Amino acid sequence: MPELPEVEVVKKSLESSIYNLIIKEVRINEPNLRYKIKKREISKLIGSKITKIERRSKYLIFKLSNKMTMLTHLGMTGKFFYEDKKNNKKKTSFYYNLNNHKDIKHDHVLFIFKNNSKLIYNDVRKFGFIKIDKENTIYRNIHLKNLGPEPLKSSFNLDYFRNFIKNKKKKIKDLLMDQKFVAGLGNIYVNEVLFFSKIRPTRSIRTLNKKEMKRIIFFIKKILKKAISKGGSSIKNFENSGGKTGSFQDNFKVYGKLGQKCSNSDCKSYIKKMILAQRASFYCSNCQK
DNA sequence: CGGGACTCCTGAGGGC
DNA sequence: TGCCCTCAGGAGTCCC
């Protein structure tokens with residue numbers, strides 16, 4: 001369940017390892033991810049150098065020296081591993097060690113570089129995807145063209161919020177999950193943001209006052225930043241491209257905390273759970289109004 | 001246009 | 001130990 005912070009952490013760890021490497025070969029073990037990978041498409045990457053990696057929402061965009069791009073989404077369980085032969089000898093690589101050896105069977109795509117190091121795309125549930133597109137049209141791609149603002153940018157602010165919800169009728173949780181409103185939040189961070197904002201997931205956006213909107217914006221930015229600084233959240237499946245895990249899950253106040261005492265010291269309630277739009281919502285019925 | 005249901009997938013975990 | 005069931009869920013698609 002990588003959301004914005006996890007994808008940002010993956011991006012940073014990839015940047016430090018694969019920039020300026022030339023792709024020598026692409027090996028497809030399993031083409032049937034969310035979208036079928038065509039060998040003809042992906043072979044357009046061969047012979048080119050990786051010049052840049054961008055993140056937009058939960059997507060990663062790999063830019064290549066031949067003006068092609070690779071768009072990826074990690075879905076629920078997608079991971080990138082970077083395997084450097086030299087590091088392996090020094091045993092500093094976390095990949096292919098005893099702990100996650102069984103994961104090899106979910107290595108679906110291998111990018112082999114000219115220096116013989118490898119970038120591996122591994123995805124247990126195959127909800128993720130890899131698509132090839134031209135650099136000059138990538139942001140008009142169906143996945144990217146309708147995305148809302150990046151939550152950490154200043155364009156995501158109170159004016160934007162008020163304007164977007166004008167004449168709309170929705171529950172606040174549905175709004176925050178809507179990628180057209182703000183890009184990159186998923187179920188976990190929305191649960192956490194609403195807890196800190198003291199707003200119940202089912203609240204109608206029509207009833208929100210200015211102060212509450214400001215609070216929501218504030219905590220979105222604050223929680224995402226903190227999660228990035230902690231290396232993201234590692235629940236079962238998330239690791240960065242070095243195989244390391246994040247620790248923000250230790251800061252969760254409501255997500256997955258059904259039945260536990262509310263973390264606000266002056267509150268005696270317990271965390272409840274309800275299903276909204278087919279997804280689990282955790283909240284404190286005393287603190288969140 | 002909005003909202004709800006359904007879909008893809010596989011491992012973890014619970015019940016017995 | 002093993003079988004069966006449920007759950008996890010991003011986002012595209014379809015239908016009303």
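Here is how names work: the chains are called A, B, and so on, in the same order as the sequence lines, proteins then strands, and each is numbered from 1. All of these numbers come straight from a predicted model, not from anything done at the bench.
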Chemist: Could a donor-acceptor pair under 3.5 angstrom be found where the side chain of R125(A) meets the base of dA8(C)?
Modeler: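 When only heavy-atom distances are counted, R125(A) does reach the base of dA8(C) through a donor-acceptor pair under 3.5 Å.
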Chemist: Does Y35(A) OH have over 12 foreign heavy atoms under 6.0 Å away?
Modeler: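 More than 12 heavy atoms, drawn from other residues, nucleotides or ligands, come within 6.0 Å of this atom.
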Chemist: May I ask you to evaluate whether Q179(A) reaches the phosphate of dG10(C), defined as a side-chain N or O under 4.0 Å from OP1 or OP2?
Modeler: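 For dG10(C), neither OP1 nor OP2 has a side-chain N or O of Q179(A) closer than 4.0 Å.
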Chemist: Does dG2(B) have OP1 or OP2 sitting under 4.0 Å from an N or O in the side chain of K170(A)?
Modeler: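 It does not, given that no N or O in the side chain of K170(A) lies less than 4.0 Å from OP1 or OP2 of dG2(B).
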Chemist: What nucleic acid atoms does A280(A) come within less than 4.0 Å of, heavy atoms only: base, sugar-phosphate, or nothing?
Modeler: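 Contact class for A280(A): sugar-phosphate only.
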Chemist: I need the NZ-C1' distance between K131(A) and dG12(C), as an integer number of Å.
Modeler: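 Between C1' of dG12(C) and NZ of K131(A): 10 Å.
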Chemist: Would K168(A) count as a cation-pi partner of F164(A), with NZ or CZ less than 6.0 Å from the six-membered ring centre and within 45° of the ring normal?
Modeler: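 Relative to the ring axis of F164(A), which defines the angle, K168(A) lies inside both limits.
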Chemist: Roughly how many Å is it from NZ in K180(A) to C1' in dG2(B), rounded to a whole number?
Modeler: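 In whole Å, dG2(B) C1' and K180(A) NZ are 9 Å from each other.
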Chemist: Using every non-hydrogen atom in the two residues, find where L4(A) and K58(A) come nearest and quote the distance to one decimal.
Modeler: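 Residues L4(A) and K58(A), closest heavy atoms: N-CG, 4.1 Å.
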Chemist: D178(A) has an atom CG; how far is it from atom P of dC1(B), in whole Å?
Modeler: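 After rounding, the reported distance stands at 13 Å.
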Chemist: Considering only dG12(C), dA11(C), dG9(C), which nucleotide approaches the side chain of Y255(A) most closely?
Modeler: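 Among dG12(C), dA11(C), dG9(C), the one nearest the side chain of Y255(A) is dG9(C).
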Chemist: With D178(A) as reference, evaluate K173(A), K170(A), K171(A) under the salt bridge (Lys or Arg N to Asp or Glu O under 4.0 Å) test and give the passing residue.
Modeler: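 For D178(A), the salt bridge (Lys or Arg N to Asp or Glu O under 4.0 Å) test succeeds with only one of K173(A), K170(A), K171(A), which is K170(A).
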Chemist: For K52(A), look at atom NZ and say whether over 12 heavy atoms of other residues, nucleotides or ligands are found less than 6.0 Å away.
Modeler: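 For K52(A), atom NZ is not crowded (no more than 12 foreign heavy atoms under 6.0 Å).
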Chemist: So, does H143(A) get its side chain near the phosphate of dG12(C), meaning an N or O under 4.0 Å from OP1 or OP2?
Modeler: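 The answer is yes; a side-chain N or O of H143(A) sits under 4.0 Å from OP1 or OP2.
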Chemist: Is there a side-chain polar atom (N or O) of K169(A) under 4.0 Å from OP1 or OP2 of dC1(B)?
Modeler: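 So the side-chain polar atoms of K169(A) never come under 4.0 Å of the phosphate oxygens OP1 or OP2 of dC1(B).
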Chemist: Taking the six-membered ring for Trp, are the ring centroids of F80(A) and F62(A) within less than 6.0 Å of each other?
Modeler: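 Between F62(A) and F80(A), which both carry aromatic rings, the centre distance is below 6.0 Å.
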Chemist: Y35(A) near the nucleic acid: base, sugar-phosphate alone, or nothing, with a heavy-atom cut-off under 4.0 Å?
Modeler: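 Sugar-phosphate: the residue Y35(A), judged by heavy atoms under 4.0 Å, touches backbone atoms but no base.
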Chemist: As a test of reading the structure: which of dG12(C), dG9(C), dT10(B) is closest to the side chain of Y59(A), going by heavy atoms?
Modeler: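 Between dG12(C), dG9(C), dT10(B), the one nearest the side chain of Y59(A) would be dG12(C).
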Chemist: Minimum heavy-atom separation for S263(A) and K253(A), please, with both atom names.
Modeler: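 Of all heavy-atom pairs spanning S263(A) and K253(A), the closest is OG-CD, 3.4 Å.
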Chemist: Taking five pairs at each end of the helix from dG2(B)-dC16(C) to dC16(B)-dG2(C), what angle separates the two helix axes (nearest 10°)?
Modeler: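 Comparing the axis at each end, I get an angle of 40°.
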Chemist: How long is the line joining CG of D174(A) and C1' of dA11(C), in whole Å?
Modeler: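 That distance rounds to 14 Å.
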Chemist: Would you say H106(A) reaches dT10(B)'s phosphate, i.e. side-chain N/O to OP1/OP2 under 4.0 Å?
Modeler: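 No, because none of the side-chain N or O atoms of H106(A) sits under 4.0 Å from OP1 or OP2 of dT10(B).
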Chemist: Quickly work out the I130(A) CD1 to dG10(C) P distance and round it to whole Å.
Modeler: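 Nearest whole value for this atom pair: 20 Å.
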Chemist: Rounded off to whole Å, could you give me the CD-to-P distance for the Q278(A) and dT7(B) pair?
Modeler: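 Atom-to-atom, Q278(A) to dT7(B), this comes out as 11 Å.
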Chemist: Is the positively charged end of K131(A) above the ring of F129(A), judged by distance under 6.0 angstrom from the centroid and angle within 45° of the axis?
Modeler: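 Geometry flag: set, cation within 6.0 Å and 45°.
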Chemist: In whole angstrom, give the distance that lies between atom OH of Y189(A) and atom C1' of dG10(C).
Modeler: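 It works out to 15 Å between those atoms.
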Chemist: Please tell me if K58(A) has a side-chain N or O lying less than 4.0 Å from either OP1 or OP2 of dA11(C).
Modeler: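 Checking dA11(C) against K58(A), a side-chain N or O does come within under 4.0 Å of OP1 or OP2.
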Chemist: More 5' along DNA chain C: F127(A) or I142(A), using each one's nearest nucleotide?
Modeler: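 Between the two, 5'-proximity favours F127(A).
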Chemist: To the nearest Å, give me how far apart CE (M177(A)) and C1' (dA11(C)) are.
Modeler: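 Atom-to-atom, M177(A) to dA11(C), this comes out as 10 Å.
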